[in-house]
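Read through the structure below, which is laid out as structure tokens, and then see the notes.
Whatever order the structure lists ligands and atoms in, that order sets their numbers, starting from 1.
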Amino acid sequence: MEQSRETFGSQIGFIFAAAGSAIGLGNIWRFPYLVGMYGGAAFLVVYLAIVLIVGVVCFIAEVSFGRHTRQSNVGAFKSVNKAWAPAGLIGILAGFMILSFYSVVGGWAIRYFFQAFAGYSFADPAASADFFGAFVSSPLAPVIYHGLFMGATIYIVYNGIQDGIEKYSNIMMPALFVLILILTVRSLTLPGAHEGLEFYLKPDFSRITGEVLLAALGQVFFTLSLGMGSILTYGSYLGKDDNIPYVSTVVPLMDTLIAFLAGLIIFPAVFAYGFQPDQGGGLAFVTLPAVFDAMPAGNLFGGAFFFLLVLAALTSAISLLEPVAAYMIEEYGWTRNKAVLIMGTIIFVVGIGASLSQGVWSHITFFGDNFFDFLDNTSGNILLPVSGLVTAIFVAWVWGSDNALREATNDGAIKFAWGNLWANVLIKYVAPILITVVFLSSIGIIPVGI
Ligand code: PHE
């Protein structure tokens with residue numbers, strides 16, 4: 001059975017699938033809103049450092065671990081050491097929680113796609129914010145769009161046509177990239193763009209706190225799809241001759257580039273139009289219409305942009321549902337169809353709560369957050385980093401970093417310039433210690449600040 005596991009046709013197949021998982025709402029919706037909330041450029045600097053020191057390092061670990069075990073999350077831990085099976089569960093829980101609010105935001109993107117027909121010219125910035133607020137807080141419409149998004153995700157995973165959709169996204173993702181470049185130019189040339197650039201690129205290091213570090217760490221795991229089995233599962237389909245260090249650098253690089261450009265679109269517009277950078281989850285949706293409005297054929301650009309964003313979100317959502325379903329199949333013997341339908345439906349129902357918490361249920365709080373923010377914060381700031389920490393420790397110390405290095409270099413057949421550094425220092429000490437330090441600093445045990 002294990003030898004016959006299907007593999008991607010080629011390395012490029014893995015790159016597109018993994019990039020499809022990584023690039024999504026995390027880059028265009030979540031990243032800018034965190035930058036805006038956590039001090040602009042200071043957050044960006046911390047984020048980039050963590051991508052390099054923790055993100056790429058853990059990415060290599062997950063891909064190697066997946067290819068070695070040829071299993072998805074829980075099975076992978078089990079096959080190396082039975083006692084560690086629960087470690088995989090953290091990621092499954094994270095995936096479940098993420099998808100339930102992710103799908104709500106995917107629904108918002110669908111709604112904004114349809115807005116292309118009416119146009120993105122709101123009377124003034126405040127009107128754009130009002131439009132967003134009125135939409136997300138209404139009890140029915142966003143739930144229906146959430147249902148559309150989740151329905152599409154379930155449909156794709158149910159019919160096992162991920163491959164098709166991923167091939168499709170081979171064309172769509174470059175298109176999204178080109179569109180993002182065009183929008184970047186438009187935004188950078190807005191009158192008053194420099195103030196936004198300063199906010200985004202000129203760090204004020206006094207803004208760095210434990211909370212900022214944790215938000216950046218969580219975002220790195222979120223955006224790279226680490227810590228919940230997505231990349232691990234894709235790694236399990238990677239061919240034995242493929243170059244793990246290479247693919248594990250290319251995908252985070254593309255992901256980081258898209259996120260960085262998203263910030264270059266959003267922050268100049270935030271300041272040019274007098275929006276609040278720290279308004280939270282509405283930032284991208286409130287700001288982008290202003291950018292479209294300032295372009296010739298803005299409706300066309302806006303419609304195309306949100307269409308591609310929905311697709312990018314779908315390829316991420318697929319990779320969120322897949323490990324959750326795989327878990328029910330592998331551990332409980334469910335059929336594939338049953339697993340996808342039942343888990344997808346439960347996620348949809350939980351997501352209804354997330355949607356309603358933007359309006360009629362906003363008074364119900366969990367540890368001070370509404371339900372949406374609770375799901376977002378708990379999965380991003382706690383579950384993913386914890387799962388990443390556990391995975392790093394497991395790979396380095398239980399499976400063994402020498403074994404992992406052998407896997408990552410195809411038994412020494414390929415060159416991995418910093419392989420020894422990765423195996424003996426980065427995955428063994430630096431990544432786990434850094435994640436731990438960030439946790440401790442966020443709860444005030446280790447002080448940061450200048
Ligand atoms: N990385 C995706 C994004 O940035 C979200 C995601 C997280 C997908 C975790 C899979 C696993 O949109």
Please report whether ligand 1 has a polar contact with L25, defined as an N or O pair separated by less than 3.5 Å (distance criterion only).
yes

Distance filter under 4.0 Å to F222 heavy atoms, resulting ligand 1 atoms:
1 (N), 2 (C), 4 (O), 5 (C), 6 (C), 7 (C), 9 (C)

Side chain, backbone, both or neither: which part of F221 has a heavy atom under 4.0 Å from ligand 1?
neither

Tell me whether the centres of the aromatic rings in Y234 and F16 are closer together than 6.0 Å.
no

Can you sort out which atoms of ligand 1 are near S230, meaning under 4.0 Å from one of its heavy atoms?
10 (C), 11 (C)

closest protein heavy atom to atom 12 (O) of ligand 1 is Y102 OH, 2.5 Å

Atoms of ligand 1 less than 4.0 Å from G26 heavy atoms?
3 (C), 4 (O), 12 (O)

Does R336 make a cation-pi contact with Y158, if we ask for NZ or CZ under 6.0 Å from the ring centre and within 45° of the axis?
no

Please report whether the ring centroid of W108 lies less than 6.0 Å from that of F285.
yes

Considering the heavy atoms of A22, write down every atom of ligand 1 situated less than 4.0 Å from one of them.
1 (N), 2 (C), 3 (C), 4 (O), 12 (O)

Output the list of atoms in ligand 1 that are nearer than 4.0 Å to some heavy atom of T223, sorted by atom number.
1 (N), 4 (O)

Ligand 1 to M228, heavy atom cutoff 4.0 Å, flagged ligand atoms 9 (C), 11 (C)

For ligand 1, is any non-hydrogen atom under 4.0 Å from S225's backbone (N, CA, C, O), its side chain (CB onward), both, or neither?
both

May I ask you to list the atoms of ligand 1 that are less than 4.0 angstrom from any heavy atom of S319?
8 (C), 10 (C)

Would T233 and S72 satisfy side chain to side chain donor-acceptor pair (under 3.5 Å), going step by step from the backbone distance to the final call?
CA-CA 5 Å; T233 307; S72 49; 4.7 Å; no

Geometric cation-pi criterion, K78 with W84: 6.0 Å, 45°:
no

List the atom pairs, donor and acceptor, that lie under 3.5 Å between side-chain atoms in residues 249-259 and the rest of the protein, sequence neighbours left out.
residue: T249; atom: OG1; partner: P245; partner atom: O; Å: 2.4
residue: D255; atom: OD1; partner: N27; partner atom: ND2; Å: 2.9
residue: D255; atom: OD1; partner: T223; partner atom: OG1; Å: 3.4
residue: D255; atom: OD2; partner: T223; partner atom: OG1; Å: 2.7
residue: T256; atom: OG1; partner: P252; partner atom: O; Å: 2.6

Flag the pair D376 and R30 as a salt bridge only when some basic side-chain nitrogen lies within less than 4.0 angstrom of an acidic carboxylate oxygen.
yes

Test log, rule side-chain contact (heavy atoms from CB on, under 4.5 Å), inputs F260 and L44
CA-CA 8 Å; F260 178 71; L44 177 66; 3.9 Å; yes

One finds that the ligand 1 atoms under 4.0 Å from a non-hydrogen atom of S21 are 1 (N), 2 (C), 8 (C), 10 (C)

